[in-house]
Amino acid sequence: MLSTTLRALRTRWVTFVGSFVALSLGVALLAVMGLALASSLDEPDRGPERFAAAPVVVKGQDTLDVPTSIGDRTRKLAQPRPVPDATVAKLRGLGTVVEDRSFAVRAEGGPADLVGHPWSTAAFAPYELDAGRAPEAADEVVVSGDWARPGTRVRTDGGTVRVVGTVRGLGFEHAVFYTDARAAELSPRSLQVVVDADAAAVREAVRGSEGVQVLTGDARRYADADPDRDSEALTAMNAMFGTAGGVTAFVSVFVVASTFAFAVAQRRREFGLLRTAGATPGQIRRMVVHEALAVGVLASAAGCVLGSYGAPELAEWAVDESLAPRWFTIGDYTWPYHMAFWTGLFVALCGVLAASWRAGRTGPTEALREASVDARPMTWSRRLFGAALLITAAVTLALDLVTNPGDLLQRKTYVSRPMLLITAVALLAPVLVRPLARLIAWLPARLPGAGGMLVRENAAAGVRRTAAVAAPVLVTVALAGSLLGATATLDGAKATEVRERTAADFVVTPAGGAGFDEATLQRLRAVSGAEVSPSSSSAVYVLEDGVALIRSDARAVEPRPLAATARLPLVAGKVSDLDDDSIIVNEEWEKHTVGERVDVWLGDGTRKSLKIAAVMTIGTGNNGVYVTPRNAPAAPVDRVDVRLAPGTDTATVAAALRQAVRASGGEVLTKDAWVRATYPETDRTSRMGFFLVLGIALLYTGISLANTMVMATSDRVRELAVLRLVGATRWQVLRLVGAEALMVVMVGGLLGALVAGLNLVGMWSALGLLSVWTSIEIPWATLAAALGACAVLAVISAVVPAGLSLRRRAVELAGVRE
């Protein structure tokens with residue numbers, strides 16, 4: 001039997017090469033994603049930056065710690081607290097105290113991420129003057145980098161300033177240094193101070209001050225801006241590479257198993273001859289398993305080698321696209337190679353076992369008869385598993401719609417759910433192929449000539465071949481339609497939701513992240529014919545089920561202006577009932593009954609009991625909560641909604657609003673323009689993550705489509721020769737082969753569209769149950785491009801090998817032995 005196996009490897013080299021290519025590429029993808037995921041698990045050791053030379057940093061409370069029965073729960077505060085004045089007074093008795101301030105600065109011609117600081121804090125980085133001198137007057141600044149030179153006058157959102165000095169940039173920020181007095185005017189709140197004193201004495205001085213931290217050594221990095229950026233970047237990369245890895249693993253396993261099963265199914269005539277010659281079912285199964293083992297070991301090893309070269313390229317691309325921090329590289333890990341190798345080998349063996357079992361059980365005469373026409377393409381096990389997966393998908397969808405429709409809007413759900421449907425439809429594809437092929441070829445079959453009829457009958461008769469070749473197309477269309485359609489539908493729903501909730505005619509937003517000062521708000525309120533509703537971004541925290549500390553985004557508003565400029569999706573209560581002792585929540589909260597009191601922690605960590613004044617629908621998950629400004633201490637006004645009085649001239653009010661915010665650099669937008677600017681589409685990181693997922697999956701399925709088509713065409717040499725012998729010309733045969741390839745692509749495209757449509761209908765139903773009615777967004781252009789690329793690949797991969805084989809005489813081809 002070993003010699004038979006070796007001869008099979010030599011004579012059916014096209015089939016085995018196709019299996020080798022599919023498996024090696026699949027293992028390479030698994031290795032690449034495994035290496036990327038492993039390298040995103042550990043963040044680098046990062047030391048202090050802005051306070052690398054500071055002796056001791058004292059930081060106010062910036063976290064909320066709530067004890068529960070299973071341990072403390074911690075969340076970052078939306079409005080961190082400054083160091084208490086009494087504590088600062090004690091610290092001044094120990095040594096020099098320097099108050100730190102950081103605030104966004106918008107400057108013409110300057111970097112977009114400029115940050116302002118007092119000049120006295122420059123020495124703690126340390127920054128050193130390269131040119132000029134330190135600022136001495138309120139309109140003098142020192143800047144980092146080379147975007148402005150001493151003597152340059154720069155217009156900023158805080159007024160026109162003159163650059164009097166420059167410092168060398170240190171790489172972690174673009175800084176603008178003001179005098180200490182001017183920095184205090186621009187940013188009155190100081191959240192941390194630097195103390196030149198003994199650390200032990202400082203700790204003793206702050207004892208009893210709630211939440212105050214004393215930072216020394218490497219811990220001083222927690223006083224830098226965004227100290228958690230590395231861990232947040234890792235979390236984002238884990239999500240991106242985890243999603244890409246999951247989709248890649250599914251696609252790889254799906255295509256490899258399909259390819260190996262098809263390779264075995266192609267050899268039914270060979271198995272029938274072996275059975276006629278006396279081979280037992282066990283011998284045939286062992287032969288097939290040995291072949292798969294040989295190909296699997298070699299292909300998996302080659303895939304691991306390819307993965308070692310591909311992973312660094314992926315890391316470099318992720319850094320270049322700002323999807324990963326600049327320090328991200330592929331580490332020296334071995335477990336991803338083991339995972340990829342053994343997974344590839346396991347899938348290869350699993351892909352042939354079911355087909356070899358059926359081949360071994362088939363009698364010699366029956367096998368020879370089945371070689372021409374797929375009389376029984378569906379086994380009972382395939383029907384059972386396909387139906388079970390389809391029922392599972394339907395039941396889980398129904399349960400989610402009934403119990404938790406919001407879960408269908410989560411990324412993990414709309415990324416993973418298509419996999420279940422793709423597998424189910426692929427298993428049941430032989431049942432669907434014949435009617436789909438007849439439907440697609442209905443009109444061509446009625447045209448003059450036999451071409452249309454032959455295309456229809458060949459596709460309908462070779463069900464296994466058609467289903468195997470259509471599988472990569474099914475995955476391509478289903479993934480592209482499901483993922484891109486889901487994000488587009490969700491983006492459209494969010495925009496629709498915001499548009500319907502906003503009754504304002506204009507929305508005014510500040511430049512940068514500093515918020516509007518009181519003088520600007522007074523000028524806006526003074527605009528004639530305008531109802532102004534300032535609001536601030538904050539948060540509230542609630543302990544649910546006694547163990548989960550939940551953070552909800554909050555907007556701090558005045559009730560009467562809010563009622564005039566917004567249409568909240570209320571299911572109970574009234575906006576006008578909101579006051580300093582109440583809160584507006586949504587139905588997602590554990591407590592959401594009007595009049596019921598709920599214990600919350602405000603954005604600065606203050607605990608408070610508030611009465612529920614009104615309840616909103618859950619919507620897409622962005623409804624948040626509403627409180628009054630008194631319950632959002634220190635939250636700057638970052639948005640002003642403006643409603644025009646009846647009969648007011650729109651252009652006049654718009655000009656007055658722009659004049660009111662000219663000094664602070666605010667932007668005045670119409671409602672529709674603000675909705676487009678604020679909710680245009682999924683954020684760039686998510687988009688690029690999806691492009692990574694789809695790019696890898698579609699590239700692999702495209703190669704697999706070409707690979708499977710070559711395998712299928714090479715197996716039809718005798719059939720093509722018979723067509724030549726009955727009078728068909730070479731070009732007629734090639735046109736027939738190309739038309740059949742297009743037919744198969746259309747079958748796979750329709751099956752993929754069916755999967756994508758079912759997924760999008762599920763999301764649309766969930767949005768309707770959440771009171772958000774929007775249209776289903778189908779990425780027609782992307783689907784057309786994917787289907788067109790598949791069609792081109794399929795036609796080329798079918799016509800080229802057919803054309804090469806037809807260069808021999810038809811009589812010789814008809815006598816080719818398998």
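Keep in mind that the numbers below use all heavy atoms, side chains included, and drop hydrogens, waters and symmetry copies. Just so it is clear, the structure is predicted and the values come from calculations on it, not from any experiment. Each residue takes its place number in the sequence, starting with 1.
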Among Leu484, Thr476, Ile778, whose side chain to side chain contact (heavy atoms under 4.5 Å, CB included) with Leu783 holds?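 Testing each of Leu484, Thr476, Ile778 against Leu783, the sole residue satisfying side chain to side chain contact (heavy atoms under 4.5 Å, CB included) is Ile778.
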Test side chain to side chain contact (heavy atoms under 4.5 Å, CB included) on Leu389 and Leu428; report intermediate values, then the result. CA-CA 10 Å; Leu389 289 176; Leu428 299 174; over 6 Å; no
Using every non-hydrogen atom in the two residues, find where [X] and [Y] come nearest and quote the distance to one decimal.
| X | Y | answer |
| --- | --- | --- |
| Val799 | Val737 | N-CG1, 4.2 Å |
| Ile618 | Glu588 | CG1-N, 3.6 Å |
| Pro336 | Leu35 | CB-N, 3.6 Å |
| Val477 | Ala753 | CG1-N, 3.6 Å |
| Ala756 | Ala478 | CB-O, 4.1 Å |
| Val27 | Gly344 | CG2-CA, 3.7 Å |

Are [X] and [Y] side-chain neighbours, meaning at least one heavy-atom pair lies under 4.5 Å?
| X | Y | value |
| --- | --- | --- |
| Asp400 | Pro405 | no |
| Asn759 | Val755 | yes |
| Thr620 | Leu770 | no |
| Leu314 | Met33 | yes |
| Leu390 | Leu421 | yes |

Interatomic distance, [X] atom [atom1] to [Y] atom [atom2] [nearest 0.5 angstrom]:
| X | Y | atom1 | atom2 | result |
| --- | --- | --- | --- | --- |
| Leu436 | Met743 | CG | CE | 9.5 Å |
| Leu754 | Leu750 | CG | CG | 9.0 Å |
| Leu490 | Lys494 | CG | NZ | 4.5 Å |
| Cys790 | Leu474 | SG | CG | 10.5 Å |
| Thr782 | Leu483 | OG1 | CG | 11.5 Å |
| Ser765 | Leu408 | OG | CG | 9.0 Å |

Would you say the side-chain atoms of [X] pair up with the backbone N or O of [Y], donor to acceptor, closer than 3.5 Å?
| X | Y | answer |
| --- | --- | --- |
| Ser308 | Val305 | yes |
| Trp764 | Thr774 | yes |
| Ser482 | Pro418 | no |

Applying side chain to side chain contact (heavy atoms under 4.5 Å, CB included), run through Met419 and Leu479 and close with a yes or a no. CA-CA 8 Å; Met419 314 305 173; Leu479 282 180; 3.9 Å; yes
Thr396 versus Arg417, side-chain donor and acceptor atoms under 3.5 Å: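 Arg417 vs Thr396: donor-acceptor pair found between side chains.
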Show your working on side chain to side chain contact (heavy atoms under 4.5 Å, CB included) between Phe341 and Leu30 and close with a plain yes or no. CA-CA 9 Å; Phe341 180 90; Leu30 290 176; over 6 Å; no
Surrounding CH2 of Trp335 (heavy atoms of other residues, nucleotides or ligands, distance under 6.0 Å), is the total greater than 12? yes
Hey, mind stepping through Glu740 and Val744 against side chain to side chain contact (heavy atoms under 4.5 Å, CB included) and telling me if it holds? CA-CA 6 Å; Glu740 289 180 11; Val744 173; 5.5 Å; no
